[in-house]
Peer 1: 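Take a look at the following structure, please.
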Number of protein chains: 2
Amino acid sequence: MLSFTEENYLKALLHITIEVEHKNEAGTNELASYLGVKPATATDMLKKLKEKKLIVYEKYGKISLSGSGREKAVEILRKHRLWETFLHEKLDFSWDEVHEVAEQLEHIQSQKLVDKLDKFLGFPEYDPHGDAIPNAKGELKPSFRKTLSEVKEGTTCRMVAVKDNTVAFLKYVSQLELGINTHIKVIGRQPYDGSMEIVINSNTIVVSQKFADNILII
Amino acid sequence: MLSFTEENYLKALLHITIEVEHKNEAGTNELASYLGVKPATATDMLKKLKEKKLIVYEKYGKISLSGSGREKAVEILRKHRLWETFLHEKLDFSWDEVHEVAEQLEHIQSQKLVDKLDKFLGFPEYDPHGDAIPNAKGELKPSFRKTLSEVKEGTTCRMVAVKDNTVAFLKYVSQLELGINTHIKVIGRQPYDGSMEIVINSNTIVVSQKFADNILII
DNA sequence: ATAAAAAGTTAGGTATATCTAACTTGTAAA
DNA sequence: TTTACAAGTTAGATATACCTAACTTTTTAT
Ligand SMILES: [Mn+2]
Ligand SMILES: [Mn+2]
Ligand SMILES: [Mn+2]
Ligand SMILES: [Mn+2]
């Protein structure tokens with residue numbers, strides 16, 4: 001049985017190595033900073049995870065998930081996204097409130113609970129942020145989504161997800177009346193700093209490149 | 001913020017001092033044995049809980065919950081019973097499976113989650129074992145229930161709850177096709193060891209006094 | 001090729017929650 | 001009222017998860 005903390009390290013590694021960059025390996029400092037701990041703390045945990053054969057790692061080298069490590073991580077991600085869906089669909093939690101609570105719920109240990117919850121929700125394929133939910137076999141659909149900052153001027157796209165799950169970001173998104181499936185038209189892009197002029201619900205606004213980098217669209 | 005473990009000690013104290021015996025105080029060994037830890041471990045935790053003013057306690061003396069300690073404990077009990085109700089009503093968990101999972105879910109920290117869950121369930125008053133669920137104000141209905149072993153011969157009663165939540169006990173109960181609201185007729189009682197002859201769903205069976213002591217009826 | 005910077009590890013320390021073994025206190029029986 | 005046993009505490013370990021400060025290795029730039 002893995003501890004709460006071990007689970008969070010595995011999920012963080014999945015996020016860094018596959019979900020975000022498709023680069024398949026992570027560094028100690030990168031992992032530590034993602035988890036909000038010091039590199040020394042991460043090093044200790046890496047030794048433990050290696051001992052348990054959940055990661056592939058050599059001293060001073062890069063880190064990647066082993067087969068069983070990836071399986072565990074995907075299972076935790078599955079629980080996280082199922083709980084987010086539950087909170088949003090059944091308990092009327094808003095889009096920006098589900099993540100924090102799901103961070104706790106994802107660690108509840110009960111295979112039966114996961115299966116029953118999945119069924120209760122009608123075997124959903126996407127969570128409230130538009131991210132794919134791994135199925136019971138641990139299969140995670142690859143997503144070929146682009147960010148808003150990659151969209152050509154003059155084009156209209158549709159928001160499907162966000163990359164950043166911080167409360168500050170999600171509040172900003174809500175404020176702009178932006179949500180899953182909202183249509184966004186790109187009017188122009190400022191070459192100096194990449195800020196973009198866009199139209200949302202007939203309102204023309206300007207957003208920073210940093211913001212546009214974190215909005216995923218189709 | 002209380003740790004998972006501190007919460008379990010408070011809930012245990014509520015159970016020992018109020019729920020079961022109405023005696024309002026507990027001993028160190030009694031508490032330790034209830035929680036499955038050694039008395040030395042409990043002593044350490046008692047010092048910490050006293051420091052936080054959650055219990056009233058002097059070295060070598062009896063233990064009782066303070067006002068704020070009782071409040072916390074009732075809130076955890078409320079969460080435990082709401083989750084048990086959710087698992088049984090919405091996810092089709094059977095009667096004897098809900099307790100273990102609720103032991104984990106009761107520690108999720110989110111006031112909003114508790115409120116929304118309560119509403120989603122229709123503000124239930126009783127959990128799947130027939131125990132009263134404290135309301136949002138922390139009010140816990142006193143229950144004046146008797147045990148099956150106190151029922152007079154020739155009388156028919158109705159099961160409303162169980163006292164013992166162990167898997168072994170609950171499995172036995174299920175095996176006998178006994179559940180909330182099942183009618184039980186008491187035929188006779190063996191003076192030697194208190195075992196009772198009873199009728200459940202037209203089947204006449206004999207159960208031990210230990211068993212009858214753990215079936216609550218009206 | 002070397003030096004500086006970045007990345008990563010080790011040593012030693014804290015806090016929580018647990019244990020065993022030895023000790024102290026309270027109570028009930030002789 | 002003394003004594004024995006039950007009840008409870010303390011001391012000293014262990015394991016997890018975190019920290020800071022100092023050290024080592026790898027990478028990058030001159
Ligand atoms: Mn999330
Ligand atoms: Mn988590
Ligand atoms: Mn229960
Ligand atoms: Mn618990």
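Bear in mind that the values here come from a model prediction, so they are computed numbers and not experimental data. Residue numbers start from 1 in every chain, and the chains themselves are labelled A, B, ... in the order their sequence lines are given, proteins ahead of strands. Note: hydrogens, waters and symmetry copies are ignored here, and every other heavy atom, side chains too, is used.
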Peer 1: Under the rule for side-chain contact (heavy atoms from CB on, under 4.5 Å), what residues qualify as partners of B:Asn135, not counting sequence neighbours?
Peer 2: B:Lys137, B:Glu139
Peer 1: Can you run down the side chain to side chain donor-acceptor pair (under 3.5 Å) pairs that involve residues 32-41 of chain A, sequence neighbours left out, and say none if there aren't any?
Peer 2: A:His15-A:Tyr34
Peer 1: Would you list the protein and nucleotides 9-16 of chain D atom pairs, both N or O, that sit under 3.5 Å from each other?
Peer 2:
unit_1: D:dT9; atom_1: OP1; unit_2: B:Tyr57; atom_2: OH; d: 2.1
unit_1: D:dT9; atom_1: OP1; unit_2: B:Tyr60; atom_2: N; d: 3.2
unit_1: D:dT9; atom_1: OP2; unit_2: B:Thr28; atom_2: OG1; d: 3.2
unit_1: D:dT9; atom_1: OP2; unit_2: B:Thr43; atom_2: OG1; d: 2.8
unit_1: D:dT9; atom_1: OP2; unit_2: B:Tyr57; atom_2: OH; d: 3.4
unit_1: D:dT10; atom_1: OP1; unit_2: B:Lys59; atom_2: NZ; d: 3.2
unit_1: D:dT10; atom_1: OP2; unit_2: B:Lys47; atom_2: NZ; d: 2.7

Peer 1: C:dA15 P sits how many Å from B:Phe4 CZ, rounded?
Peer 2: 23 Å
Peer 1: side-chain contact (heavy atoms from CB on, under 4.5 Å) with B:Phe123: which residues, sequence neighbours excluded?
Peer 2: B:Asp118, B:Lys119
Peer 1: Starting from P on C:dT18, measure out to CD on B:Glu6 and report it in whole angstrom.
Peer 2: 10 Å
Peer 1: Kindly write out the residues that satisfy ring-ring contact (aromatic ring centres under 6.0 Å, His included) with B:His88, not counting sequence neighbours, or none if the list is empty.
Peer 2: none
Peer 1: Using whole Å, report how far CG of B:Leu2 lies from P of C:dA15.
Peer 2: 19 Å
Peer 1: Between C1' on C:dT16 and CG on B:Asn8, what's the gap in Å once rounded to a whole number?
Peer 2: 14 Å
Peer 1: Can you run down the salt bridge (Lys or Arg N to Asp or Glu O under 4.0 Å) pairs that involve residues 53-62 of chain B, sequence neighbours left out, and say none if there aren't any?
Peer 2: B:Lys50-B:Glu58
Peer 1: Is there a donor-acceptor contact under 3.5 Å linking the side chains of A:Ser149 and A:Asp213?
Peer 2: yes
Peer 1: What's the NZ-C1' distance between B:Lys38 and D:dG8, to the nearest Å?
Peer 2: 15 Å
Peer 1: Base, sugar-phosphate, or nothing: which does A:Tyr9 touch, judged by heavy atoms less than 4.0 Å apart?
Peer 2: sugar-phosphate
